[in-house]
Amino acid sequence: GAGVSQSPSNKVTEKGKDVELRCDPISGHTALYWYRQSLGQGLEFLIYFQGNSAPDKSGLPSDRFSAERTGGSVSTLTIQRTQQEDSAVYLCASSLAGDILYEQYFGPGTRLTVT
Amino acid sequence: AQSVAQPEDQVNVAEGNPLTVKCTYSVSGNPYLFWYVQYPNRGLQFLLKYITGDNLVKGSYGFEAEFNKSQTSFHLKKPSALVSDSALYFCAVRDMKGNMLTFGGGTRLMVKP
């Protein structure tokens, strides 16, 4: 079946611009996660959605970052006023539920470059 | 706070030889441990997990990992390496309360013919 998809695959933007990154989770998966992979920081958790519960935003690095998940499916990660340190690969993952028993399936990522 | 350490940035192995990629963890309570692999320009692929039960966990592509509570380790192993195993490997931990995976820094595995 279809895996997690993300778009765009690559995004180059100028410093100060806003960007939106999209994630389509696996159908039927109620849990959705965003991570960031960068050279200096490795893989970092950003935000977690589980069904209709309030998201866990504990990993968002600043208030320039926000995310939403519409209809319990597609998610959008928005970065406002991008900075060069935001350059990274943004990974989305989904799992059948948020329970520890279910592994997370990752998308191919969006490579963001801020110039 | 939970953490994962992968002490080797790179592991070099000859094809056909056994391989080990090391991982140690720190977490309060019971650990839930995972290994993921990342091929170039690809997302992370799940290899195996330890939740409870047997300390030796078998996963995809012939990989296995051994959970050692006393040493707080979860090393990834394979009896006979393939060139196609060359990739970036990540160990991760999750605790019962947390919602996310905490990853190690990754280990690049290079298998030479």
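Each chain gets a letter, A, B and so on, in the order the sequences are listed, and its residues count up from 1. Note that the coordinates shown come from a computational prediction; the quantities given were computed from them, not determined experimentally. No hydrogens, no waters, no symmetry mates; every other heavy atom, side chains included, goes into these values.
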Could you go through residues 2-9 of chain A and list every donor-acceptor pair under 3.5 Å that involves a side-chain atom there, pairing it with any protein atom two or more places apart or in another chain?
{"unit_1": "A/Gln6", "atom_1": "OE1", "unit_2": "A/Cys92", "atom_2": "N", "d": "3.0"}
{"unit_1": "A/Gln6", "atom_1": "OE1", "unit_2": "A/Gly109", "atom_2": "N", "d": "2.9"}
{"unit_1": "A/Gln6", "atom_1": "NE2", "unit_2": "A/Tyr90", "atom_2": "O", "d": "2.9"}

task = Sort out for me which of A/Arg111, A/Gln50, A/Gln104 touches chain B most, counting heavy-atom pairs under 4.5 Å.
result =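 Winner by heavy-atom pair count: A/Gln104.
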
task = Scan for disulfide (SG to SG under 2.5 Å) pairs involving residues 46-83 of chain B, sequence neighbours excluded, and state none if there are none.
result =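 Sorted result for residues 46-83 of chain B: empty, none.
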
ask   = Using a distance-only test with no angle check, is there a side-chain donor-acceptor pair under 3.5 angstrom linking A/Glu103 and A/Tyr105?
value =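 Judged by distance alone, the side chains do pair up.
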
query = Under 30°, 30 to 60°, or over 60°: which ring-plane class applies to B/Tyr25 and B/Phe67, parallel, tilted or perpendicular?
reply =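 Rings of B/Tyr25 and B/Phe67: parallel, under 30°.
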
ask   = What part of A/Leu43 lies closer than 4.5 angstrom to a heavy atom of chain B: side chain, backbone, both or neither?
value =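 Contact with chain B is through both the backbone and side chain of A/Leu43.
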
Partner set under salt bridge (Lys or Arg N to Asp or Glu O under 4.0 Å) for A/Arg36, not counting sequence neighbours =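 Only A/Glu44 meet the salt bridge (Lys or Arg N to Asp or Glu O under 4.0 Å) criterion with A/Arg36.
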
ask   = For B/Gln10, does the CD atom sit with more than 12 other heavy atoms under 6.0 Å from it, leaving out its own atoms?
value =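 Above 12, so yes.
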
ask   = Would you call B/Lys112 and B/Glu15 a salt bridge, taking side-chain N to carboxylate O under 4.0 Å as the test?
value =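 The answer is no: the pair does not qualify as a salt bridge.
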
message = Taking 4.5 Å as the heavy-atom cut-off, does anything in residues 44-60 of chain B contact chain A, and if so which residues?
response =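 Within residues 44-60 of chain B, the residues under 4.5 Å from chain A are B/Leu44, B/Phe46, B/Lys49, B/Ile51.
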
